[in-house]
Every structure is written in structure tokens, then in C-alpha cells.
J.: 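There's a structure below that I have some questions on.
Per chain, numbering begins at 1; letters A, B, ... match sequence-line order.
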There are 2 protein chains.
Amino acid sequence: MKNAQVTIRDLALKLGVSISTVSRALRNASNVDPEKKKHVLELAEKLHYQPNRVAQNLRIKRTNTLGVVVPQINLHFFSSVISGIQEYAATHNYGVMICQSLESLEIEQSNIQMLVANRVDGLLISLSSETDSYDHLQALLDKRIPVVLFDRVTESVHANKVIVDDHDGASKATEYLIQTGCRNIAYIGGPEHLYISNQRLKGYTDALQRNGIALDDDFVFHCHDLKNDVMSAADQLLSGNKRPDAILCLNDPVAIQVMQVFKSRNIRIPDDISIIGFTDEPVSQFIEPSLTTVSQPADEIGRVAAALFLEQMDQKDDFKPVTKVLATELLIRNSTRII
Amino acid sequence: MKNAQVTIRDLALKLGVSISTVSRALRNASNVDPEKKKHVLELAEKLHYQPNRVAQNLRIKRTNTLGVVVPQINLHFFSSVISGIQEYAATHNYGVMICQSLESLEIEQSNIQMLVANRVDGLLISLSSETDSYDHLQALLDKRIPVVLFDRVTESVHANKVIVDDHDGASKATEYLIQTGCRNIAYIGGPEHLYISNQRLKGYTDALQRNGIALDDDFVFHCHDLKNDVMSAADQLLSGNKRPDAILCLNDPVAIQVMQVFKSRNIRIPDDISIIGFTDEPVSQFIEPSLTTVSQPADEIGRVAAALFLEQMDQKDDFKPVTKVLATELLIRNSTRII
DNA sequence: GTGAAAGCGCTAACAC
DNA sequence: GTGTTAGCGCTTTCAC
């Protein structure tokens, strides 16, 4: 950026050739005298020439950069996804700009706006928990900017998506709870409009039904605030006239909060209540008792999302959005009873 | 990027004014008829005009983007730093491109190269554990590209730095171990060339000395591979003829590994051996026993690094690199004996 | 207050 | 095979 950066013009001048020859040599294009090419390359090396990507980008109308928006960078799940994206992108000569929405729709919108202004070639987005309108996403599609939604997706938008099989994960988890003898199983989920929360809820209710267990509405919670609402959900479950013997939680952080509440009330886990989370945060294997959870392949989600984007870049014209569903795995640890 | 993006030329045409007037109105420059300005702004709004930052960047020779390179994105410490950087940057109208070196010098170099090619305004870098030559950093300084090193820094480079007071942290930790009655205290560190590892070592040795405890070379380990070497260090400590009664570890992951080894050998923590880590990973408060550790303000490091960069952007001319040293805090938990 | 024009560094016709 | 030229979309002199 500074002064002093060498340009192809400098090279051309010193070599007594035209800038187009230099340009061609650099990109080792079709027709250029091997001898001259060699000289150009050597001089470029010697002068530490670095192509100005900003200029290139303006000219070729693409940036080889992709934008990613996540709710919060320093949640292990998201940083793992980002790690996966970055690694995949790097090997395909792409850079990545990151933003975090901090669970705010407004920030999410301005993030996207900023990325678009920077003309990223595509956007990989995981929605904020607050996001319940999708105009800003639709606007991207209308501009034919490739979008891949991951993890926190919505059915309202016709874009590429990569998710894990939340329904199956929740179903397996619930099924397991039933196998271990639980019959009064509660679900503490997220906001109603959150796709993953609904899928998990559905997996849970389907498993109950398959096993002839009636769904109890008092056992289902939709938490908007993943802090306070979770606390009060846990409280309610304890003070209700029917006590659950197991709880399926939206994710590990929720599960851990619930565990803390229970511990402080001397409720034994898993003897009194079994608890299952979702995600497999690194904490979960170390907490006491270690948390049974449904693991999601975070890095893989990132890689697949990036790959999906690259595919779309190729086909562009007749592109049909796809949804990749990745498998989950039930990790049985010590927060649930044994069979 | 796509077709269809509105340009100032489109606005000018529709409004029957020149593009320079539009440009001025948009950036609400000095002299422009308020009436016309209003029209421009309205039309821009209506047509969803978005300035092409790539073109702007080329013209004004800066990108309002900063590049960050960390060893691994999905380590909690680094993702927290990134989060801090991103948040600070966003409020100052900066974007951020991220890369991870995966602890490889070669990748670190190509990351930096890529970011420079994209003409980021500055670089915030935490060095890979493999990095023991600094030409690639010096090259940046020579090109007068602002660089801020954080956490994993080196004394060999004359750039802005933000670190935590590792010496003091290690010193406080060692001091505390001594207070609790430990006399045979070992240190398991990282590669010799790693600044933070050395600082911590120094804090440790100084504390020993202050308390009249002789330094035992058999009690100091430099691990290059933070996995295998740590294991064998733990093994050695157990099988040596003098057994330590406490271990200060380079960081929490190292401490946790050591704990696992000890647990598998039925060594009681802290009764047989006290253990202290560094960083305060989220795991550390949940592990059994919870880990006494020296916490570092990760977000704050990110914010300060970003702030330092912005400062440097302003002064540019007569700039003197500074090193910000942030305070650490000893978090006493249950992996150490009580006083 | 406004427009014409130059140019940021590069690519890609288009001629020769 | 090589040079000339015209932009990419924007900012910023410089005249008027």
C-alpha cells in the first residue's frame, strides 16, 4: 500500500519492454518470448515485485476473497468452522474476511454490507439468533452473489446450505435416553424461528412418539435469551409438579448451565436427571460429570461450505442450490445413565 | 462484483450531473449544492448504490482492512484475540482478513505475502512456534507496512508489540507455589526461541532465586512439539530420582496433558503434585481438579493491538514502536495446595 | 459550485 | 510475439 511498491510499469521500464509483455510474462500467458519471460521473472524476484491485487481485482471483477459472518468468533464451534473455511480457501488461493454479528441482526446486516462493498466473491453466513427477517439475504441472491448458509440456516432463503442432521442427532439422543429408562424427558431449545432448534425439537418429539411416549408441553422450552431464559427453564423444571428424569439441551453451553443449576441444588447427575447436550465443546469432556453430547463436525462444515461456494463460482449460470447434510454422532459420556 | 452493481456513473447519468459531483455528494465533501446532494443521496438509496471499495482502495491507496495471522484460529485464546480485533476494527470502519499459519513458518510467510498483495493497511501477527527467522517481518518494516506483534513476539524485530506480563505472571505463580510449601518446582516450557516461554522461565527462576531455592536444570524442559515432548517431560519427571512437588506449565493445554498423565498413574493432584497453567482456557475451570492458572486478557490483547495499529496509521511519519504490557492475574483453583 | 480530465495498477482486446 | 489502447470505478486536481 505504502509508497515504494514496485509495479509492472517499473519492470517494463527497466527491461525496455511494454507493460503488457510484463503482465503476460507474469501470468505466464500464451504468447511471450521465453527469453523475455525469464528476464521479467528474474527482475520481479529481485525487486520483490508483488502484484497489486486491488488493481487486479478491480480489473477482473473478482477478489478471490470470501466473506464469512458468524454470531461470535470465539465460540469453539464457530472458530472451528472458520478454521476449516480458511484452510480450504487458502489451498484454493482464496482469502477470507471475517465478521461477527454478536447475535445482532443489525450488525449482521452491516457486516454483510461491508463485505459486499469490498466485493467479496461470496458469503458464508451463520445467522444471528436475532435474525428473523431475511431481506438482506434475499438482496444478495438478487444480486447473484453466491451465498452459503451454514449451521444457523433458514428455510426462507433459497441458497446453498450446509447443516448437520439435527433431527437425527436429537432423535438418537432421545432414543438413547429412553433406552436408559428415562420417560419424562424435557427439551430446552432456542428461539422458535431458529431452524436448528426446531429440527432438534422435531427429532426429539418424533423419538418420543416412536416409543409411545406422550409429549408434555410443559417439558418444552424455547429460550430467546440463552442465558437467563435457560436458568428459569431449569428452575421451572425443578419446581413443577412433574419432574423430568432427563433433559435434552439445545447445545453444550445450555447443558452446562443446566448442570450448574442442578449441582447447586444438589440434584445428582445422572442419578436424578440425565443431561445431553449438542456440539461437543472442548469443555464437555472435562466437566464433572463429563457431558454426553451429539457431536458436529465443525471443521468439516467449514470445508464443505467453502467447497460449495467454489462449485457455485464455476457453474454460476445454471446453478441450483443444494443442502448438504452432515452426520452427527452421539458421544456417550457420564451425564446420562447407563443402559 | 457481479453485473448489475450500480456505479456513480449510473447515478450521474440519471441525475444529469457529472460523476465528480456525485462523488463529492456521496462523501459529503466541501462544496456541493445541498439540493443536488439531497437528490444524489436519495437516488443512491433508492438504487441500493454501494460504493465499490475495490475501486476506492485502488484510488486512495489504502484498503481499511487489516490482516491478522495466528498459529491456529480455533484455539480459544487466539479466537478471543481475533474477536477483540474484529470488534475494535469494525467500530473504526476497518475490515479484517484472517489467516492461520498452523505453526508453520512457510505458511506464515505465504499468509503474509497474500495479505500484502491484497494491500492490507497493516498486519497483526502472532508468530508460529516454528518461526525462528524474521526476514519476512523485517521486509514488512522495510516497506513501511505497519506491523503489530502480539502474544508470540520476538525481540529481533523492531515493531509494535502487545504482550502480557509473562515474567510477572510466572513469578506470581511460582511464588504462590512456594507459599503453599512446594520446594521442588519444575517448569515445562516451549521452544527456546519462543519469547513468552523464556519470559515465563525467567519469572520462574527469579522467583526461585528470591526465595533462596536453587534452580535444578533437570526440572526445566523445553518442548518443541507441544504434544509428544510434553508427555515425555511428564514421564521423565516421574521417573527421575528427585520428584517435583509442583509443576509450572507453559500453558493450560500443556498443564492438562500433564494432569492426564499423572491421573493415569494415580498421582494425586494437588496432594502429590501441584500444577499451574497459563492462559485460562475455558476448559480449565471445569476440569477435575479445576486448574490454577495465570489468566491473560485475550480480547483486550486484540483490542490493544488493533488500537496500536490505528495509532501508527495516524503518526506514520515519526513513528516509534512501543510495547504494551498487559497485566496477568493468578486464578487460584484446585490443582494447587492451599496455603 | 461544478465539470473535464488524469490516473491508481492492472488486464485484455485489438492491431501489427 | 509485442505494443498500443481502452477501460475497471473511483478520487482529486485543475480550470472555469
J.: For the pair made of CD in A/Gln50 and C1' in C/dC10, what is the distance, rounded to whole Å?
T.: 15 Å
J.: Would you kindly compare A/Ala55 and B/Ser20 by the position of their nearest DNA chain C nucleotide and give the one closer to the 5′ end?
T.: B/Ser20
J.: Side chain of B/Arg27 only, please: which of C/dC10, C/dG1, D/dT12 is the nearest?
T.: D/dT12
J.: Of the candidate nucleotides C/dT2, D/dC8, D/dT2, which contains the atom at the shortest distance from the side chain of A/Thr21?
T.: D/dT2
J.: Is A/Arg24 side chain donor-acceptor paired with the D/dG3 base, going by distance under 3.5 Å alone?
T.: yes
J.: Tell me, do B/Gln100 and B/Val69 make a side-chain contact under 4.5 Å, heavy atoms counted?
T.: no
J.: Please pick, from C/dG9, C/dT2, D/dT12, the nucleotide with the shortest atom-to-atom distance to any side-chain atom of B/Leu58.
T.: C/dG9
J.: From CZ of B/Arg119 over to C1' of C/dC10, roughly how many Å is that when rounded to an integer?
T.: 11 Å
J.: B/Tyr49 side chain N/O closer than 4.0 Å to the phosphate oxygens (OP1, OP2) of D/dC10?
T.: yes
J.: Under 6.0 Å between ring centres: does that hold for B/Tyr94 and B/Phe309?
T.: yes
J.: Do the non-hydrogen side-chain atoms of B/Val70 and B/Ile98 ever get within less than 4.5 Å of each other?
T.: no
J.: Looking just at side-chain N and O atoms, do B/Ser18 and B/Thr21 make a donor-acceptor pair shorter than 3.5 Å?
T.: yes
J.: The side chain of A/Asp33 is closest to which nucleotide in this list: C/dG9, D/dT12, D/dG1?
T.: D/dG1
J.: May I ask you to verify if any side-chain N or O of B/Asn31 is less than 4.0 angstrom from the OP1 or OP2 atom of C/dG1?
T.: yes
J.: Give the nucleotide from the list C/dT2, C/dG9, C/dC10 with an atom nearest to the side chain of B/Lys36.
T.: C/dT2
J.: In terms of side-chain heavy atoms, does B/Thr131 have a donor or acceptor partner in B/Ser128 at a distance below 3.5 Å?
T.: yes
J.: Just to be sure I understand the rule, does B/Arg53 reach a base, reach only the sugar-phosphate, or reach nothing, if contact means heavy atoms closer than 4.0 Å?
T.: nothing
J.: In whole angstrom, give the distance that lies between atom CD of B/Glu35 and atom P of C/dT2.
T.: 11 Å
J.: With the threshold set at under 4.0 Å for non-hydrogen atoms, list the residues of residues 7-18 of chain B touching DNA chain D in residue-number order.
T.: B/Thr7, B/Ile8
J.: Is the closest side-chain donor-acceptor distance between B/Thr63 and B/Asp121 under 3.5 Å?
T.: yes
J.: Using distance alone, with no hydrogens and no angle criterion, decide if B/Asn111 and B/Gln113 have a side-chain donor and acceptor under 3.5 Å apart.
T.: no
J.: How many whole angstroms separate atom CZ of A/Arg62 from atom P of C/dC10?
T.: 18 Å
J.: Return the value, rounded to whole Å, for the distance between atom CG of A/Asn52 and atom C1' of D/dC8.
T.: 13 Å
J.: Under 4.0 Å between a side-chain N/O of A/Lys61 and OP1 or OP2 of D/dG9, yes or no?
T.: yes
J.: Can you tell me the distance, in whole Å, between the CG atom of B/Asn57 and the C1' atom of C/dC8?
T.: 11 Å
J.: B/Ile19 has an atom CD1; how far is it from atom C1' of C/dA6, in whole Å?
T.: 11 Å
J.: Do B/Gln5 and B/Asn52 have side-chain N/O donor and acceptor atoms under 3.5 Å apart?
T.: no
J.: Which whole-number value in Å describes the distance from A/His39 NE2 to D/dT2 P?
T.: 12 Å
